[in-house]
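Following: one structure in C-alpha cells, then a few remarks.
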Amino acid sequence: MYWMSHLTVDIGGRPGIDCRGFCDYCYFRHVKDVAPLGCRYCLPFKKGCDYCSRGVKEHYTGFKSLKTVADETLGSLQVLTGDVTRITVSGGGDPSCYPEFRDLMELLGSMESPLHIGYTSGKGFDDPAIADFLISNGLAEVSYTIFSSDPALRRRYMHDPTPEASLAIFERLSAEIDVYAAGVVLPGVNDGDDLVRTCEWLDERGAKGLILMRFANTSEQGLILGNAPIMAGQKVHTVQEFADLVTGLNEQFSMKISGTPLCDPEIGSPFAILHEPDLLKKLPLVTGRATVVTGSVAAPYIRRLLRMRGYQGEVAAVEKEIACLITIDDLKDLELPNLGDVVIIPGRAFVHEAEAERVLSADGTARMVVRGPEMLTADAETSMGMKMSGVLRMEMEGFAALINIINQNG
Ligand code: SF4
C-alpha cells in the first residue's frame, strides 16, 4: 500500500521573545504564570497535564539548535511510512527569526518535498534575496503576516525593523508560490482605508487569501492566560461588526477573504450546514434533553440546528465568545437552575471535568459533565484551504456526534 506522510519540524522558540520582540497586539503579551486550566487530555483525578500547563502557553525555552532540529527530524523520518509529501516548519518562535534559518531551509530543501512554513511574521527577514533562496529550496506555501501594506504601520505596531524588505519578500513569494496573508485588525489603526489599500496590494500581488483576525482585549474575547488587556484603551470590533467587515471585503476582492471568529463568506461557515436542508434531514433526531454549554458566538447556531432536529433541552451560552476557550470561570457564571442533570461542555474547553461537576452541582443538584465533540464547525484558519464539501462533512460529523452524546446521556 502507498502511504503519504506529512512531516512537522518543530524549531521551538518563544512567542514574542523569539520574534524580535512582541508585536503590540500579540496574544502572548503579558502572559502570566497561570495555574494549569485543565483540559481534555488531563487524567480524571489530576487537573493539569503537559498540554494545558505548557503547550497552550507555547512555553518553550528558546529556539532549538539546528543539530537538535536535524536529529528530531531524522527520528520522525524513521517512524514515518512511505514518501514524505509535505514538510511543515512550526514552532513557538517565528521561523524568520531562527538564527540558522538558511541552513535549516537548505537541509529541509534537500529532502525534495514541498515545504510549508506554518506561520511567519516576516520580521526576521532583512534581505529581499531570501525570497528566491526559499523558492529554490522548495518552499510551496506560507502563511505570512501582513498587518498592513504600509511599511510605517508594520514598523510601528509589529516592530519590524525592515518593513520594506519584509513586504518585498512577501511580494516575490506571492508571484511564485501559495501565500496566505494574515492580519490582526486594530480598529482605528489598520482598518478602514488602510485595510482596503492592503487588500488591493495583496490582490495585485497574487496572494491566495487573507485571514483577518479580530483583535481580542478582554477575557470574554478569548484572553485566558491572565493577560488582558493587551493594549490598554484599544478599540475592539464586536463580533457582528467584524463579520460585516469581512463579508464586505470578500465581495470586493478576488482573493478569498475570511475572518476569525466570524466568518468564511464563500463557504458560509461557521455552521454552513444551516443552509443545507437536505443534509440537516440526514442528522439523527434528538431524543435526549442534556444541556449543551457553548460560547456566545456559537450558541444561536447550535440552538437553531438542534431545535430543527427535535431538541427540547437547553443550549446555555457563557459570556466567553469562543467555545474552545471556555474555562471554569465561565461555568461559574451559569444560572444553575436552568441546567439539566447532564451538561455537555465543548470538547476543547479548558476545564477539568471533575472540577466542572463540582461547580455545576453547587446548588445541591448533582450534575454529570460530559465532554462533547472537539469541533462542530471549521474556523477560518481551518477552512482557508478547504472546499465547501469538506467543511460540510466536518459539520455533519460534529453534529451527528453531539446528537449521539445527547441521546446517550439523556
Ligand atoms: S510575530 Fe506573532 S507571536 Fe511573535 S510577537 Fe508578533 S504576533 Fe506575537
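These numbers come from a predicted model, not from an experiment. Start at 1 and go down the list; that is how both ligands and their atoms are numbered. Any value given below was found using the heavy atoms of this structure, including those in side chains, with hydrogens, waters and symmetry copies removed.
A donor-acceptor contact closer than 3.5 angstrom is absent between the side chains of T73 and S76. Residues T327 and D329 have side chains that never bring a donor and an acceptor to within less than 3.5 angstrom of each other. Defined by atom type and a distance below 3.5 Å, a donor-acceptor pair is present between the side-chain atoms of H159 and D24.
Taking the six-membered ring for Trp and the full ring otherwise, the centers of Y25 and F147 sit less than 6.0 Å from each other.
Set against the non-hydrogen atoms of C26, the atoms of ligand 1 under 4.0 Å away are 3 (S), 5 (S), 7 (S), 8 (Fe). Applying the 4.0 Å criterion to heavy atoms of S121 picks out, from ligand 1, the atoms 1 (S). Shown in contact with F22 at under 4.0 Å from a heavy atom are these atoms of ligand 1, numbered in order with element: 5 (S). Heavy-atom contacts of G16 reach the following atoms of ligand 1: 4 (Fe), 5 (S) (cutoff under 4.0 Å).
Compare C19, C97, G13 by their heavy atoms: the one nearest to atom 4 (Fe) of ligand 1 is in C19.
Residue contact check for ligand 1: Y119 places a non-hydrogen atom closer than 4.0 Å to it.
Listed for the K320 side chain is no donor-acceptor partner under 3.5 Å among the backbone atoms of G222.
Ranking protein heavy atoms by distance to atom 6 (Fe) of ligand 1, first place goes to C23 SG, 2.3 Å.
Just one residue in the list I211, I322, V246 forms a side-chain contact (heavy atoms from CB on, under 4.5 Å) with T260, and that residue is I211.
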